[in-house]
Amino acid sequence: MKSRINILFLIGMGLMFLFRILTKIPDLPETVFGFDTPKLLKILFGLIFIIASLIIYRKPKKSAP
């Protein structure tokens, strides 16, 4: 079983790679709702990371038998 910090690290790395992949897509619009697309993606991925970390750390630890 992986510890919580390992899971959080994997989520962070996965979001970072997904951000880099999505910013390289040539067909993305330059602006969405008045924001630059990379800035909007940073905000979105930041919120996903914060919510995921809160969910991970609010789960009760499984006690060892």
Side-chain angles (χ1 to χ4, degrees):
M1 181 169 152
K2 296 183 180 194
S3 68
R4 293 177 179 183
I5 194 69
N6 288 346
I7 294 170
L8 194 61
F9 177 76
L10 290 175
I11 290 172
M13 290 296 290
L15 287 173
M16 183 186 71
F17 287 132
L18 187 61
F19 172 77
R20 291 293 177 195
I21 290 170
L22 288 178
T23 56
K24 301 296 181 189
I25 294 175
D27 293 336
L28 283 178
E30 287 187 30
T31 59
V32 178
F33 301 119
F35 289 102
D36 292 336
T37 303
K39 187 178 286 190
L40 191 63
L41 287 174
K42 284 181 189 178
I43 293 169
L44 179 68
F45 287 149
L47 289 174
I48 290 171
F49 182 76
I50 290 169
I51 291 169
S53 64
L54 288 175
I55 290 171
I56 288 171
Y57 280 102
R58 288 193 169 241
K59 283 185 186 178
K61 286 185 176 181
K62 294 181 181 178
S63 59

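Sequence positions, counted from 1, serve as the residue numbers for this chain.
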Give, for atom CG of Asp36 and atom CD of Glu30, the distance between the pair rounded to the nearest 0.5 Å. 8.0 Å

Which donor-acceptor pairs under 3.5 Å do side chains of residues 41-57 form with protein atoms, sequence neighbours excluded?
{"unit_1": "Ser53", "atom_1": "OG", "unit_2": "Phe49", "atom_2": "O", "d": "3.2"}
{"unit_1": "Ser53", "atom_1": "OG", "unit_2": "Ile50", "atom_2": "O", "d": "2.8"}

Check residues 9-28 and write down every donor-acceptor pair under 3.5 Å in which the side-chain atom is one partner and the other belongs to a residue at least two apart or another chain.
{"unit_1": "Thr23", "atom_1": "OG1", "unit_2": "Phe19", "atom_2": "O", "d": "3.2"}
{"unit_1": "Thr23", "atom_1": "OG1", "unit_2": "Arg20", "atom_2": "O", "d": "3.1"}

